[in-house]
Amino acid sequence: TIYQSVIAHLGFSPQHYVNLDYIENNPTKFDGVLEKIDGMGLRRAMSLHYDWNEAAILQFYATCFFGPDNTLTWMTDNTTLSITYDRFVQILGLSGVGHRIHSMDPESKPKAIDACLPLIKPTSQLTKEELAYPLNEVSIFRAPYYILYQCVLRTLYPKKGDRSRAYNYCIDLMVRMHDKPTEPLDTAHFIWHEIRLCSFIQTRQFPHAPFIQALIDHTAPFEVVKTS
């Protein structure tokens with residue numbers, strides 16, 4: 001089966017909610033971080049704390065189907081479940097409005113690494129070694145973007161493996177934080193499409209387990225015991 005041959009061995013991307021109270025109580029250490037998170041409407045998505053069942057999440061990725069009519073269908077245990085996009089937004093408690101990073105244009109691609117240039121420290125603050133780093137090397141991001149990347153990496157764009165560099169739509173998200181920090185981001189649309197992309201790029205560890213478990217719990221007619 002797909003579950004046994006592809007899904008089961010991949011595991012999960014490290015994911016953890018962000019303690020925004022700690023950031024709020026230490027404004028000097030995290031100058032500018034919370035303003036951008038709140039300005040873009042990211043607080044709910046970054047602070048969601050929700051346990052999950054590993055087998056249920058793996059089965060979700062093995063069976064999920066995103067329909068052309070904005071529906072999402074999957075199996076939990078022996079039960080087929082389905083929700084609309086509007087219900088997805090409602091369950092996760094996200095606004096569902098704002099800028100959408102993912103385009104439905106099949107020719108659209110994520111930004112290249114040179115888009116990270118505005119996030120980089122001034123060259124006068126970089127060592128000779130750092131000047132040779134690629135522009136998506138997060139260690140040379142200036143404040144507050146280095147901290148914001150850590151928040152994104154744990155919530156909206158969790159990944160396993162090389163976490164020292166920004167890639168793909170994570171770059172789009174970081175650049176948006178720089179360019180339009182007071183304009184809302186449609187986080188529901190972002191998470192919907194990241195789950196969709198990961199469901200058919202089956203070489204990545206699986207992200208967004210807390211969000212998916214919330215969908216399962218609000219849709220399944222039975223309780224799913226949490227294991228993580």
Side-chain angles (χ1 to χ4, degrees), residues 13-18 20 23 27 29-48 89 92 94-127 130-198 201 204-205 207-208 211:
S13 298
Q15 180 138 4
H16 196 277
Y17 71 97
V18 176
L20 296 180
I23 293 177
K29 185 177 181 180
F30 300 103
D31 185 35
V33 171
L34 205 59
E35 290 81 356
K36 292 184 185 293
I37 289 174
D38 284 338
M40 295 181 67
L42 306 179
R43 180 180 283 262
R44 167 64 178 171
M46 287 190 169
S47 60
L48 179 69
V89 175
L92 297 184
L94 303 172
S95 66
V97 298
H99 175 73
R100 293 183 168 183
I101 285 180
H102 297 83
S103 171
M104 296 309 294
D105 181 355
E107 300 299 319
S108 178
K109 296 181 179 180
K111 294 184 182 298
I113 64 173
D114 57 358
C116 295
L117 184 60
L119 310 176
I120 304 302
K121 298 174 185 176
T123 54
S124 60
Q125 297 179 15
L126 300 177
T127 66
E130 289 174 333
L131 287 170
Y133 287 174
L135 296 178
N136 63 334
E137 177 71 39
V138 179
S139 64
I140 59 174
F141 282 11
R142 56 191 173 90
Y145 301 105
Y146 176 80
I147 297 298
L148 285 166
Y149 173 77
Q150 306 306 318
C151 295
V152 167
L153 193 63
R154 287 159 173 77
T155 56
L156 290 170
Y157 198 87
K159 60 177 291 191
K160 197 172 184 178
D162 183 6
R163 296 157 62 88
S164 64
R165 295 178 181 177
Y167 292 101
N168 298 321
Y169 289 107
C170 184
I171 294 178
D172 293 64
L173 182 53
M174 294 303 303
V175 171
R176 186 75 186 178
M177 288 180 169
H178 175 271
D179 293 347
K180 303 287 184 179
T182 62
E183 295 186 10
L185 178 80
D186 190 340
T187 50
H189 190 265
F190 186 89
I191 293 169
W192 173 276
H193 283 282
E194 281 299 307
I195 294 173
R196 182 183 65 86
L197 288 171
C198 192
I201 304 175
R204 287 174 55 183
Q205 286 79 16
H208 301 309
F211 299 102

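All values reported here derive from a predicted model rather than from experimental measurement.
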Open item on the list: So which atom in Ile113 and which in Pro134 form the shortest heavy-atom distance, rounded to 0.1 Å?
Closed with: CD1-CB, 4.4 Å
Task: For His102, all residues meeting side chain to side chain donor-acceptor pair (under 3.5 Å), sequence neighbours excluded - done: Glu194
- [ ] Please examine the side chains of Gln150 and Val138, heavy atoms only from C-beta on, and report whether any two atoms are closer than 4.5 Å.
- [x] yes
Open item on the list: Can you pull out every salt bridge (Lys or Arg N to Asp or Glu O under 4.0 Å) where at least one residue sits in residues 36-45? Sequence neighbours excluded, please.
Closed with: Asp38-Arg43
Open item on the list: If I take atom CE from residue Met177 and atom CD1 from residue Ile37, how far apart are they, to the nearest 0.5 angstrom?
Closed with: 6.5 Å
- [ ] For residues Ile171 and Pro110, determine if any side-chain heavy atom of one lies less than 4.5 Å from a side-chain heavy atom of the other.
- [x] no
Task: Residues in salt bridge (charged side-chain N to carboxylate O under 4.0 Å, His left out) contact with Arg165, at least two apart in sequence or another chain - done: Glu137
Open item on the list: For Phe211 and His208, take the angle between the two ring planes, folded into 0 to 90°, and tell me which bin it lands in: parallel under 30, tilted 30 to 60, perpendicular over 60.
Closed with: perpendicular
TODO: To the nearest 0.5 angstrom, please state how far the CG atom of Leu153 sits from the CD atom of Gln15.
DONE: 10.0 Å
Task: Between CZ on residue Phe30 and SG on residue Cys151, distance to nearest 0.5 Å - done: 8.0 Å
Open item on the list: Looking at every heavy atom in both Tyr149 and Cys170, which two are closest together, and how far apart are they?
Closed with: CE1-SG, 3.7 Å
Task: Val175 versus Ala115, closest heavy-atom pair with distance - done: CG2-O, 3.3 Å
Task: side-chain contact (heavy atoms from CB on, under 4.5 Å) partners for Asp114, two or more places apart - done: Ala112, Leu135
- [ ] Compare every heavy atom of Pro207 with every heavy atom of Cys198, then report the nearest pair and how far apart it is.
- [x] SG-CD, 3.2 Å
TODO: Output all residues satisfying salt bridge (charged side-chain N to carboxylate O under 4.0 Å, His left out) with Asp172, sequence neighbours left out; order by chain, then residue number.
DONE: none
Open item on the list: Assess the residue pair Phe141 and Leu148 against the criterion (side-chain contact (heavy atoms from CB on, under 4.5 Å)); give the C-alpha distance rounded to whole Å, side-chain angles, the decisive distance to 0.1 Å, and a yes or no.
Closed with: CA-CA 10 Å; Phe141 282 11; Leu148 285 166; over 6 Å; no
Task: Heavy-atom check, side chain of Leu185 versus side chain of Leu173, under 4.5 Å - done: yes
Open item on the list: I'd like to check the salt bridge (charged side-chain N to carboxylate O under 4.0 Å, His left out) partners of Glu35; sequence neighbours left out, ordered by chain and number.
Closed with: none
Task: Student check: side-chain heavy atoms of Leu126 and Ile120 closer than 4.5 Å - done: yes
TODO: Would you mind reporting whether Tyr169 and His193 have side-chain heavy atoms less than 4.5 Å apart?
DONE: no
- [ ] Enumerate the residue pairs fulfilling salt bridge (Lys or Arg N to Asp or Glu O under 4.0 Å) with a member in residues 95-111, sequence neighbours excluded, ordered by first and then second residue.
- [x] Arg100-Asp186
TODO: Tell me, please, which residues at least two apart from Arg142 pass side-chain contact (heavy atoms from CB on, under 4.5 Å).
DONE: Lys121, Tyr145, His178
Task: Counterpart residues, ring pair (Phe, Tyr, Trp, His ring centres under 6.0 Å), relative to Tyr17 (two or more places apart) - done: His49
Task: Pairwise distance CG(Leu92) to CG(Leu48) - rounded to 0.5 angstrom - done: 7.5 Å
Open item on the list: Just to verify, what does Thr127 make a side-chain contact (heavy atoms from CB on, under 4.5 Å) with, not counting sequence neighbours?
Closed with: Glu129, Glu130
Open item on the list: Under the criterion side-chain contact (heavy atoms from CB on, under 4.5 Å), I'd like the reasoning laid out for His99 against Arg176: C-alpha separation, chi angles, the key distance, then a yes or no.
Closed with: CA-CA 9 Å; His99 175 73; Arg176 186 75 186 178; 3.3 Å; yes
- [ ] Report the C-alpha distance between Ile23 and Lys29 in whole Å, list the side-chain angles of each, state the deciding distance to 0.1 Å, and finish with yes or no for side-chain contact (heavy atoms from CB on, under 4.5 Å).
- [x] CA-CA 8 Å; Ile23 293 177; Lys29 185 177 181 180; over 6 Å; no
TODO: Could I get the full list of side-chain contact (heavy atoms from CB on, under 4.5 Å) partners for Asp31, not counting sequence neighbours?
DONE: none
TODO: Locate the shortest heavy-atom distance separating Ala45 from Ile191; write the atom from each residue and the value.
DONE: CB-CD1, 4.4 Å
Open item on the list: Going by side chain to side chain donor-acceptor pair (under 3.5 Å), name the residues that satisfy it together with Ser95, two or more places apart in sequence or in a different chain.
Closed with: none
